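All values reported here derive from a predicted model rather than from experimental measurement. Reckoned from all heavy atoms, side chains included, excluding hydrogens, waters and symmetry mates. Atoms within each ligand, like the ligands themselves, are counted from 1 in listed order.
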Amino acid sequence: MAVQEKTTVRRAVCPGSFDPITNGHLDIIERASRLYDVVHIAVLINKSKQGLFTVEERIQMIEEVSAGYGNVVVESHHGLLVDYCRDRGIPAIVKGLRAVSDFDYELQMAQMNIGLSGVETLFVPTSPTYSFLSSSLVKEVAAYGGDVSHLVPALVHRRLVARIAERK
Ligand code: PNS
């Protein structure tokens with residue numbers, strides 16, 4: 001039987017706080033950008049969390065480091081991720097799984113999201129190089145003067161060091 005080829009744009013979203021984007025995030029975004037026509041990066045606004053960077057600063061850094069992929073759109077969103085997906089016709093959420101410890105919460109969210117709206121979640125195993133990496137740890141290590149230059153893109157590193165120096 002002949003397979004009917006579809007011509008619709010295939011979209012996925014990589015959601016997160018991205019405060020700031022790390023090499024671990026970027027690895028997942030790059031891999032998603034090879035699998036989908038358009039990858040949306042949704043910077044979720046959490047008003048109860050004071051970030052190190054403003055949402056606008058996070059978006060600007062993500063745009064700069066992902067520009068080379070050519071199919072990445074970066075936006076902020078306040079509210080449910082499934083509403084962001086519905087408004088843009090996005091059927092899939094792509095998430096990196098670092099370790100088993102991520103799994104319980106990620107599974108819970110994935111099951112909630114598919115139950116709410118039918119949006120699927122696809123888990124991508126992170127590169128072992130970044131299995132320990134999180135934005136929170138990067139900020140903590142950098143705040144105490146540790147070297148995190150190999151864990152974030154160079155322009156993010158410069159802005160991280162500058163922001164920490166301003167806050168001292
Ligand atoms: O980078 P983070 O903070 O681990 O990302 C978590 C995030 C933002 C992806 C998650 O909290 C989320 O999807 N928030 C949006 C609000 C929402 O849809 N909540 C219900 C999740 S089932």
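For atom 17 (C) of ligand 1, the closest non-hydrogen atom of the protein is Leu80 CD2, 3.7 Å. Of all protein heavy atoms, the one lying nearest to atom 5 (O) of ligand 1 is Gly16 CA, 3.6 Å.
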Test side-chain hydrogen bond (donor to acceptor under 3.5 Å, both in side chains) applied to Arg88 and His40, step by step: CA-CA 9 Å; Arg88 290 157 183 80; His40 294 251; 4.7 Å; no
Under the criterion side-chain hydrogen bond (donor to acceptor under 3.5 Å, both in side chains), I'd like the reasoning laid out for Asp19 against Ser17: C-alpha separation, chi angles, the key distance, then a yes or no. CA-CA 6 Å; Asp19 185 37; Ser17 306; over 6 Å; no
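Atom CD of Gln50 sits in a sparse spot, with 12 or fewer heavy atoms from other residues, nucleotides or ligands closer than 6.0 Å.
Atom 15 (C) of ligand 1 lies below 4.0 Å from at least one non-hydrogen atom of the protein. Distance remark: protein heavy atom not present below 4.0 angstrom from atom 7 (C) of ligand 1. Atom 2 (P) of ligand 1 lies below 4.0 Å from at least one non-hydrogen atom of the protein.
Listed by atom number, the atoms of ligand 1 under 4.0 Å from Gly79 heavy atoms are 15 (C), 16 (C). Interface atoms of ligand 1 facing Asn113, defined by a heavy-atom separation under 4.0 Å, are 22 (S). Atoms of ligand 1 lying under 4.0 Å from any heavy atom of Leu81, numbered from 1 in the order shown and given with element: 13 (O), 17 (C), 18 (O).
Looking at Leu44 against ligand 1, only its side chain comes within 4.0 Å, counting heavy atoms. Under 4.0 angstrom from ligand 1, there are no non-hydrogen atoms of Asn46.
Taking a cutoff of 4.0 Å between a charged side-chain nitrogen and a carboxylate oxygen, Glu64 and Arg159 qualify as a salt bridge. A salt bridge is absent between Arg11 and Asp37: the closest approach of a Lys/Arg side-chain nitrogen to an acidic carboxylate oxygen does not fall below 4.0 angstrom.
Closest to atom 21 (C) of ligand 1 by heavy atom, among Gln111, Met112, Met109, Glu106, is Met109.
Considering Ser135, Pro153, Cys14 in turn, Ser135 is the only one that fulfils the side chain to side chain contact (heavy atoms under 4.5 Å, CB included) rule with His25. When each of Thr22, Leu26, Asn23 is tested with Tyr130 by the rule side chain to side chain contact (heavy atoms under 4.5 Å, CB included), just one qualifies, namely Asn23.
Here CG of Leu81 is found 8.5 Å from OG of Ser117. Values are rounded to the nearest 0.5 Å. Atoms CD1 and CE, from Ile21 and Met61 in turn, are 9.0 Å apart once rounded to the nearest 0.5 Å.
Under a 4.0 Å heavy-atom criterion, Ala42 is not in contact with ligand 1.
Considering both main-chain and side-chain atoms, Lys49 never comes within under 3.5 Å of ligand 1 through any nitrogen or oxygen pair.
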